Amino acid sequence: MIPRITIAEAGRHAGETVQLAGWLYNLRRSGKIAFPILRDGSGLMQCVAVKSSLPEELFETIKNLTQESSIMVTGKVRAEQRAPGGFELDVENVEVLQRVPESDPYPITPKEHGIDFLMDHRHLWLRSQHQHAIIRVRHEVIKAVRDYFDSHGFTLVDTPIFTPAACEGTTSLFEVNYFDDAKAFLTQSGQLYNEATAMAFGKVYCFGPTFRAEKSKTRRHLTEFWMVEPEMAYAGLEDVKRVAEEMIVFIVGRVLENRREELKRLERDVAKLEAIQAPFTRMSYDDAVKILQSKGSEIQWGGDFGGTDETLLTADRDRPLMVDRFPTSIKAFYFEPDPERPDVVLGVDVLAPEGYGEIVGGGQRIHDPELLLRRIEEHHLPKEAFNWYIDLRKYGTVPHGGFGMGIERCVAWICGLEHIRETIAFPRMLHRLSP
RNA sequence: UCCGCAGUAGCUCAAUGGUAGAGCAUUCGGCUGUUAACCGAAGGGUUGUAGGUUCGAGUCCUACCUGAGGAGCCA
């Protein structure tokens, strides 16, 4: 019985006859020799078919294979300097499961394509090397996130996707029918529910899809994205900052450890990632505004950063930047005010270097029931909808805090991508709902 | 939602208001070590849609559609 292996394992089988199962990535041929390159999801393998050592019919079959045809190849693995990857397979047999017809060839050729065409063919584009590398880095980032929290005493408690009301009231939500007469909204954050589970488990995190109906049309926005949100009881702003910093350093370290090959394929400057070490630069909102003004930004105290402001602040830094103590007026209702300065809140944003902007936002939450009620009124939020949330302050309230990190923004930064849309298999954007 | 930009062969792009072209892909032929292989040939077009200016429009004007970029909002 000939063993079936993956291309990634081929190096351990040099000299053995094995079977590979995959798709034809490319084919170069001359009259009497052909080099089919096989793709199986784990890597690429150059195969060699020599006319003189194969039955004529088989050689003709190989010579006429079309791109992305599904095939199983049997042959002997051999170390070969000239082959990409260092190993080659001498073809003994090829079984064709489906030959892609030349009347309707595979649309994504080895040449360049425009973004619109590629997005329309996203279901096929995922087969290409570049996309493959990005999705694998994403996998590593997600695994690192989970490993970090799992090994630091956090319990995974996922929060609902159907919610009855806005979590923050400021941004728009996707509305869906919920049976006969009720409306539900797709969640834009698990945070409020996290605050409940943190009072039950101490340290928790949720990780799932999040939805924003904002009509944002930039390289940093999706309407559906994945967010990890830790929340900790008996914790303040400094604890939030420390955990965010530790987590980011851990994630980048893991990607460097396990996904070098992918980063190389993405032509990522690895030195920039190796520089991601604690401590990150810490800065108050006040100082950030002064720096921005000195660099020519129009920002005034009390205003929020624009995309160009974030770039100005981080472009010449080699580590993430933590900005804290934002004006109360520009932040959500649940932020705890600074006890020494009630006009600012104990919130923090983490801005990735190289101009990638905000990847983490969080802070300390209000734990005083009186203040929370006042804020709900000031923001004109329906108090009844928040009864359960107010209960958390009635029954054993404690200082607590947490943050959210957008996975796609983090992956875009680590991969060094221009646009967030390639960091998720099937991106959902303002004008893109398919495939 | 706002501001400019673009739309020509399956794909990526050319074409001064005057005969619609190239590379890749596809088909046929050649080549025993190719590396987005190479060489030769062939097929492939309602120039986004509708109207207008002009002897003549891919090119100029108007509207619409679609897309990509940026702004605002945000992770």
Side-chain angles (χ1 to χ4, degrees), chain A residues 25-37 44 46-54 59 63-64 66-68 80-85 88 90 100-121 124-125 128-130 167-168 170-173 188-191 209-229 244 298 303-311 330-332 349-352 356-362 403-413 418-421 423 429-432:
Chain A
Y25 184 74
N26 197 6
L27 174 69
R28 287 183 297 270
R29 63 190 172 93
S30 58
K32 290 166 186 165
I33 187 167
F35 299 92
I37 296 180
L44 293 181
Q46 173 163 291
C47 307
V48 189
V50 178
K51 186 176 185 178
S52 57
S53 57
L54 291 171
F59 186 75
K63 224 177 76 175
N64 292 315
T66 47
Q67 194 185 356
E68 288 300 316
E80 170 58 66
Q81 286 291 321
R82 288 171 289 186
E88 208 169 61
D90 288 320
V100 175
E102 45 274 288
S103 58
D104 188 8
Y106 186 71
I108 302 180
T109 64
K111 289 276 179 173
E112 285 168 25
H113 299 281
I115 190 64
D116 185 36
F117 177 82
L118 290 171
M119 290 304 292
D120 283 343
H121 294 83
L124 303 176
W125 189 21
S128 72
Q129 293 297 288
H130 201 84
C167 290
E168 307 186 13
T170 54
T171 50
S172 34
L173 298 167
Q188 61 176 346
S189 166
Q191 185 211 312
T210 310
F211 307 87
R212 301 278 165 94
E214 293 144 6
K215 296 198 168 175
S216 303
K217 187 169 163 34
T218 79
R219 64 183 71 186
R220 296 214 282 264
H221 288 86
L222 299 171
T223 54
E224 175 184 315
F225 63 98
W226 286 66
M227 187 154 67
V228 60
E229 294 175 279
E298 302 272 303
D304 216 341
F305 301 144
T308 44
D309 290 326
E310 291 185 350
T311 304
I330 58 170
K331 285 290 175 183
D349 282 357
V350 181
L351 309 180
Y356 275 90
E358 183 179 355
I359 54 170
V360 163
F403 65 84
M405 181 180 77
I407 291 295
E408 288 78 11
R409 283 190 182 176
C410 179
V411 173
W413 162 53
E418 277 283 299
H419 203 298
I420 196 175
R421 65 189 156 210
T423 62
M429 294 177 292
L430 183 51
H431 293 120
R432 170 117 8 221

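What you are looking at is a predicted structure, and each value in this text was computed from that prediction instead of being measured.
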Comparing Leu430(A) and Ser216(A) on RNA chain B - which has the more 5′ nearest nucleotide: Leu430(A)

Taking atom P in both C74(B) and U59(B), compute the distance separating them and give it to the nearest angstrom. 43 Å

Side-chain donor-acceptor pair under 3.5 Å between Glu229(A) and Gln191(A), yes or no? no

Pairwise C1' distance, U62(B) and U54(B) [rounded to whole Å]: 16 Å

May I ask you to verify whether the side chain of Glu418(A) and the base of G69(B) hold a donor-acceptor pair under 3.5 Å? no

Consider only side-chain N and O atoms of Thr109(A) and His113(A), and report whether a donor and an acceptor are under 3.5 Å apart. yes

Distance, C1' atom - from G45(B) to U19(B), rounded to whole angstrom: 15 Å

Please give the distance between the P atoms of G40(B) and G23(B) as a whole number of Å. 9 Å

Provide the distance between the two C1' atoms, one in G52(B) and one in A15(B), to the nearest whole Å. 24 Å

If the cut-off is 4.0 Å, is Arg421(A) near the phosphate of A68(B), judged by side-chain N/O to OP1 or OP2? no

Decide yes or no, distance alone: a donor-acceptor N/O pair under 3.5 angstrom between the base of U26(B) and the side-chain of Ser103(A). no

Which whole number of Å gives the distance between the P atom of C60(B) and that of U66(B)? 23 Å

Could you check whether the side chain of His113(A) and the base of C11(B) have a donor-acceptor pair of N or O atoms closer than 3.5 Å, going by distance alone? no

Side-chain N or O of His121(A) less than 4.0 angstrom from OP1 or OP2 on G10(B)? no

Check: Gln67(A) side chain, Ile108(A) main-chain N or O, donor-acceptor pair, under 3.5 Å: yes

Take the protein atom CG of Asn26(A) and the nucleotide atom C1' of A25(B), then report the distance between them rounded to whole Å. 12 Å

So, under a plain 3.5 Å distance rule, would you say the side chain of Arg409(A) forms a donor-acceptor pair with the base of C74(B)? yes

So which one's nearest nucleotide on RNA chain B is more toward 5', Met119(A) or Tyr106(A)? Tyr106(A)

